[in-house]
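These values consider heavy atoms only, across backbone and side chains, with no hydrogens, waters or symmetry-generated copies. Along the sequence shown, residues carry numbers from 1.
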Amino acid sequence: MDALLGIAMDGTAAAIAGGPKGVSAPHNRAAAFLLRRALEERLDSILGARHPILLRCAARTRIAWLAQHVGTASAGRYATTWHCLSLACHYHRSVLPPTRAELRGWRDDVAAVLRELPTL
C-alpha cells in the first residue's frame, strides 16, 4: 500500500470518528483531499514511468490516457471517484460539506480503484 494512501486512510478514519462539534466539516474536506491526492499520486507514478511528458497535462487529460491503457471500466471508476472527491475538496456556499458516510464510501472506492491500477 502506498504511503500516501496510508495517510489518506488514517486521515479519513480520523474524520469519520469525528471531533468536537463544529470542526468536522474542515476535517472531512481535508480527508477528501487526502483521498483525491492518493488517486493522483498513483496515476502520476504510472505516467512518470511510461510518459513523463503527460505529468504536465491537466487531470482530465491524464484520465483520458488512463482509459486507453487500463481499460474504460477502471478509468471510469477512477474518474468518477476523482470527480466526487474534487467537488468535496472545495468550499461551495450552496453545497454542504461531505458527510462521514460519503467519506466511508469514497475511502472504499479509492482502495478498490487503486487495487485495479497497475503498481510501478
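Distance OG1/Thr99 to CZ/Arg104: 8.0 Å, rounded to 0.5 Å. Rounded to the nearest 0.5 angstrom, Leu34 CG and Cys89 SG are separated by 8.5 Å. Remark: Arg77 CZ to Leu114 CG distance equals 12.5 Å, nearest 0.5 Å.
Residues meeting the side chain to side chain donor-acceptor pair (under 3.5 Å) test with Trp106, sequence neighbours left out: none. Here Glu40 pairs with Arg36, Arg37 under the salt bridge (Lys or Arg N to Asp or Glu O under 4.0 Å) rule; sequence neighbours left out. Partners of Ser74 under the side chain to side chain donor-acceptor pair (under 3.5 Å) rule, at least two apart in sequence or in another chain, are Glu116.
Each of Thr80, Leu39, Asp109, Leu103 was checked for a side chain to side chain contact (heavy atoms under 4.5 Å, CB included) with Leu85, and the lone residue meeting it is Leu39.
In terms of heavy-atom proximity, Ala88 sits nearest to Arg29 at O-NH1, 3.2 Å. Nearest heavy-atom pair across Pro118 and Arg50 is CG-NH2, 4.1 Å. The two residues Ser86 and His90 make their nearest non-hydrogen contact at O-CD2, 2.9 Å.
Applying the salt bridge (charged side-chain N to carboxylate O under 4.0 Å, His left out) test to residues at least two apart or on different chains, none of the pairs has a partner in residues 66-76. A salt bridge (charged side-chain N to carboxylate O under 4.0 Å, His left out) check over residues 81-93, counting only residues at least two apart or in different chains, returns nothing.
Grouping the Ile, Leu, Val, Met, Phe, Trp and Tyr side chains by contacts below 4.5 angstrom, directly or via other members, places Leu87 apart from Trp82. Phe33 and Val113 are not part of a single hydrophobic cluster, where members link through side-chain heavy atoms under 4.5 Å apart.
Side-chain contact check for Val110 versus Thr81: some heavy-atom pair is nearer than 4.5 Å.
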Run the side-chain donor-acceptor check on residues 56-72: report pairs under 3.5 Å with partners two or more places apart or on a different chain.
unit_1: Arg62; atom_1: NE; unit_2: Cys57; atom_2: O; d: 3.2
unit_1: Arg62; atom_1: NH1; unit_2: Asp44; atom_2: OD1; d: 2.5
unit_1: Trp65; atom_1: NE1; unit_2: His69; atom_2: ND1; d: 3.3
unit_1: His69; atom_1: ND1; unit_2: Trp65; atom_2: O; d: 2.9

